[in-house]
Amino acid sequence: MSEETKSLHFLEQIIEEDLANGMPKENLRFRFPPEPNGYLHIGHTKAIGISFGLGQKYKAPVNLRFDDTNPAKEEQEYVDAIKRDITWLGYQWENECYSSDYFQQLYDWAVQLIKEGNAYVDSQTSEAMRIQKGTPTEVGTNSPFRNRTVEENLDLFTQMKNGEFEEGEHILRAKIDMESPNMLMRDPLMYRVLKKAHHRTGTDWCIYPMYDWTHGESDYLEQISHSLCSLEFKPHRELYNWFRDHVYEHSKSTLPLAPKQREFSRLNLSYTIMSKRKLLQLVEKGIVSGWDDPRMPTISGLRRRGYTPASIRNFIETVGVSKRENVIDVALLEFKIREDLNKIADRVMGVLDPVKVVIDNYPEGEEELLIAENNPEDEQAGSREIPFSRELYIEREDFREEANKKFFRLKLGKEVRLKSAYFITANSVEKDENGEITVIHCTYDPKTKSGSNTEESKRKVKGTLHWVSIQHAIKAEVRSYDRLFLDEAPDSHKDRDYMEFVNPDSLEVITAFVEPSLQSAKIGTQFQFQRLGYFNVDDDSTSEKLVFNKIVGLRDSWAKKINR
RNA sequence: UGUCCCAUGGUGUAAUUGGUAACACACCGGUUUUUGGUACCGACAUUCAAGGUUCGAGUCCUUGUGGGACAACCA
């Protein structure tokens with residue numbers, strides 16, 4: 001078997017180059033560093049897929065590191081959710097790490113920077129510092145506290161650490177260059193006073209390190225070889241290297257590997273948003289029921305909707321890696337779940353919008369069990385029995401009193417097949433006072449029973465309908481979802497707020513009738529409701545009340561045709 | 001009027017590193033079908049622009065043009 005040679009994406013090329021230049025393969029180590037301030041979403045899956053994918057490809061360890069340096073936003077709940085989601089996606093981390101585990105080391109290194117004259121305590125207001133920082137097109141100016149003595153800085157920093165100052169009174173800054181064209185190099189903050197309890201270190205600390213100071217040094221401590229992040233961190237790279245190099249000078253004997261940061265473009269999906277802050281707003285404003293609402297692009301939402309880990313991993317792989325801004329068509333994600341579920345989901349029958357069919361020539365009171373194939377794509381899937389009787393439900397849109405030849409379904413005087421059952425012909429209808437059809441009277445042909453192998457059962461008919469036997473059907477709640485936003489890129493408009501684009505009709509709750517085999521369906525199981533789509537048993541489902549989420553519809557070329 | 005990044009069909013990603021622009025999705029048409037599903041076949045459609053180097057440029061160079069990032073005691 002010839003292995004198909006897949007082209008390397010640019011990050012793999014960088015790694016190959018480093019390897020070629022003498023980096024031992026054992027030095028390869030990656031990390032995924034979420035901040036535990038929210039739930040993971042499909043966008044994170046790209047970062048997860050890249051770092052864990054590289055780990056698999058090069059048989060290198062991948063650490064899961066919680067970047068927990070802001071106790072104001074972070075919670076244990078999020079730590080737990082993130083671990084659960086990554087595991088569910090099918091990835092395994094080498095070490096579970098926390099930036100907060102490095103607080104002491106970070107502090108010691110900061111003291112060292114102060115001693116070298118590379119960091120100082122600033123005592124201005126944040127407003128004053130903001131003004132001094134300049135703008136992207138104007139250079140900044142030096143702080144009046146920039147030339148404090150080492151002793152003074154050390155003293156102040158110690159007092160900061162000891163809780164002798166209130167929030168906002170003093171901060172520690174790196175002394176770099178207020179005139180740098182890169183604003184991040186204009187004496188960036190390293191520490192601020194924050195008198196808040198941390199979810200792991202409690203009240204041990206009242207100063208907390210900033211992202212730039214923490215992240216690179218955490219990479220360094222864990223000896224991460226390639227620190228991969230999204231494009232917006234590109235300007236941070238210069239600072240990442242500055243901090244790294246100053247620390248490396250003193251620690252290279254024990255920590256010989258100097259990590260490098262490289263950046264890729266993040267994932268955007270059409271018709272949704274990918275910002276934790278904005279997703280949190282959807283939750284807080286009650287627009288969705290929670291982080292795991294099946295309409296949410298979160299991992300937990302997708303899981304509850306019924307997406308499989310494999311479909312998401314395939315999606316990420318197909319999307320690829322580059323440095324271009326991009327918006328992926330959500331249709332690709334939908335294709336990936338259909339592709340996966342087509343192979344593995346059992347077929348069942350359920351009627352979402354029922355109309356009653358009476359088979360006049362079928363004996364009253366009689367019933368029989370018919371054999372139905374579970375999955376035509378999988379011979380191992382076997383078959384099940386479904387009850388048939390004189391009174392059935394079919395889908396209301398599957399019947400018309402009259403229609404042209406393009407309409408393959410049931411109409412007066414025409415014969416169709418009932419899936420796994422018999423051929424029926426519609427003869428007449430009953431209507432209520434509004435003209436709404438209440439009953440369709442049909443006759444069936446007993447010789448056409450599915451699987452009977454009779455000549456009659458092999459007759460060609462254009463239409464095959466799904467159905468349920470009324471007396472045997474189970475009522476179930478079906479939650480049908482539409483996209484959460486009506487705009488293709490809801491948060492990309494400068495003049496309009498993404499909230500304006502929220503789809504008011506993104507959830508439709510339907511009472512459906514499903515075949516009795518579904519009575520024992522377990523939460524989290526996906527089914528194909530034949531001719532309708534894929535459905536997942538929701539977390540809210542009980543044996544008294546089944547609840548299904550519509551994951552995605554089947555491709556529907558008929559609907560496309562009639563909508564034109 | 002700064003610095004940096006990016007530019008290939010409708011969308012996303014490739015192109016053996018300078019040698020016939022390909023794959024997937026979407027869209028459209030057809031064949032098969034006890035799901036108007038699946039599968040299969042086909043069609044549509046691409047190198048931002050102008051110069052330059054070269055036998056040869058999506059790829060290298062120059063200049064434009066367009067898009068994006070950067071001014072939180074967030075990450």
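Proteins get letters first, then strands, A, B, ... in listed order; numbering begins at 1 in each.
Asn70(A) has its CG atom 5 Å from the P atom of A75(B), to the nearest Å. Atom CD of Glu179(A) and atom C1' of A71(B) are 16 Å apart (whole Å). Rounded to a whole Å, the CH2 atom of Trp213(A) is 20 Å from the C1' atom of A72(B). Here the P atom of nucleotide U33(B) and the CZ atom of Arg555(A) are 18 Å apart, to the nearest Å. Atom CE in Met349(A) sits roughly 11 Å away from atom C1' in U34(B) (whole-Å rounding). When the P atom of U34(B) is taken as reference, atom CG of Asn453(A) falls 12 Å away, rounded to whole Å. One can place CD of Glu334(A) at 20 Å from P of A24(B), the figure rounded to the nearest angstrom. Atom-to-atom, NE2 of His198(A) to P of C74(B) comes out at 13 Å; the value is rounded to the nearest Å.
To the nearest whole angstrom, the two C1' atoms, one in G58(B) and one in G30(B), are 34 Å apart. A gap of 15 Å separates the P atoms of U20(B) and G56(B), to the nearest Å. Nucleotides A43(B) and C27(B) have their C1' atoms positioned 11 Å apart, rounded to a whole Å. The gap from the P atom of A26(B) to that of U33(B) amounts to 24 Å, rounded to the nearest Å. Comparing the same atom, P, in A45(B) and in U11(B) gives a spacing of 16 Å after rounding to whole Å. Rounded to whole Å, the separation between the P atoms of C61(B) and A24(B) comes to 32 Å. Look at the P atom in both U13(B) and C4(B): the space between them is 24 Å, to the nearest Å. Distance check on atom P: C40(B) versus C25(B) gives 10 Å, rounded to whole Å.
Base pairing annotation: C4(B) forms a Watson-Crick or G-U wobble pair with G68(B), both donor-acceptor distances under 3.5 Å. Base pairing of A43(B) is not made with any nucleotide, judged by Watson-Crick or G-U wobble geometry with both donor-acceptor distances under 3.5 Å. The partner of U53(B) is absent, by the rule that a Watson-Crick or G-U pair needs both atom distances under 3.5 Å. Look at G9(B): it lacks any Watson-Crick or wobble partner with both distances under 3.5 angstrom.
Counting heavy atoms of neighbouring residues, nucleotides and ligands inside a 6.0 Å radius, atom CZ of Arg237(A) exceeds 12 of them. Annotation: Glu179(A), atom CD; neighbour count of heavy atoms from other residues, nucleotides and ligands within 6.0 Å does not exceed 12.
If you check distances only, the side chain of His236(A) does reach the base of A75(B) with a donor-acceptor pair under 3.5 Å. For G37(B), the base has a donor-acceptor partner in the side chain of Glu377(A) [N/O atoms by modelled type, under 3.5 angstrom].
Across C25(B), G36(B), A72(B), the shortest atom-to-atom separation from the side chain of Arg409(A) is found for G36(B). For Pro376(A), the listed nucleotide lying nearest its side chain is U35(B); candidates were C73(B), A24(B), U35(B). Of the candidates A24(B), G12(B), G36(B), the closest approach to any side-chain atom of Leu332(A) belongs to A24(B). The side chain of Phe335(A) lies closest to C25(B), out of C25(B), C74(B), A71(B). The nucleotide whose nearest atom lies closest to any side-chain atom of Trp558(A) is, among A14(B), A75(B), G36(B), G36(B). Side-chain proximity of Lys561(A) to G36(B), U13(B), C70(B): nearest is G36(B).
The 5' end of RNA chain B is approached more closely, in terms of each residue's nearest nucleotide, by Ser420(A) than by the other of Ser420(A) and Asp212(A).
Between Phe157(A) and Tyr107(A), the distance from one ring center to the other falls under 6.0 angstrom. Centroid-to-centroid, the aromatic rings of Phe233(A) and His215(A) stay 6.0 Å apart or farther.
A cation-pi contact links Lys161(A) to Trp205(A), judged by a cut-off of 6.0 Å to the six-membered ring centre and 45° from its axis. Both tests do not hold together for Arg459(A) against Phe423(A): distance to the six-membered ring centre under 6.0 Å, angle to the ring axis within 45°.
Asn182(A) comes within contact range of no nucleotide atom at all, as no heavy-atom separation falls under 4.0 Å.
By the 4.0 Å N-to-carboxylate-O rule, Asp491(A) lies close enough to Lys278(A) to be salt-bridged with it.
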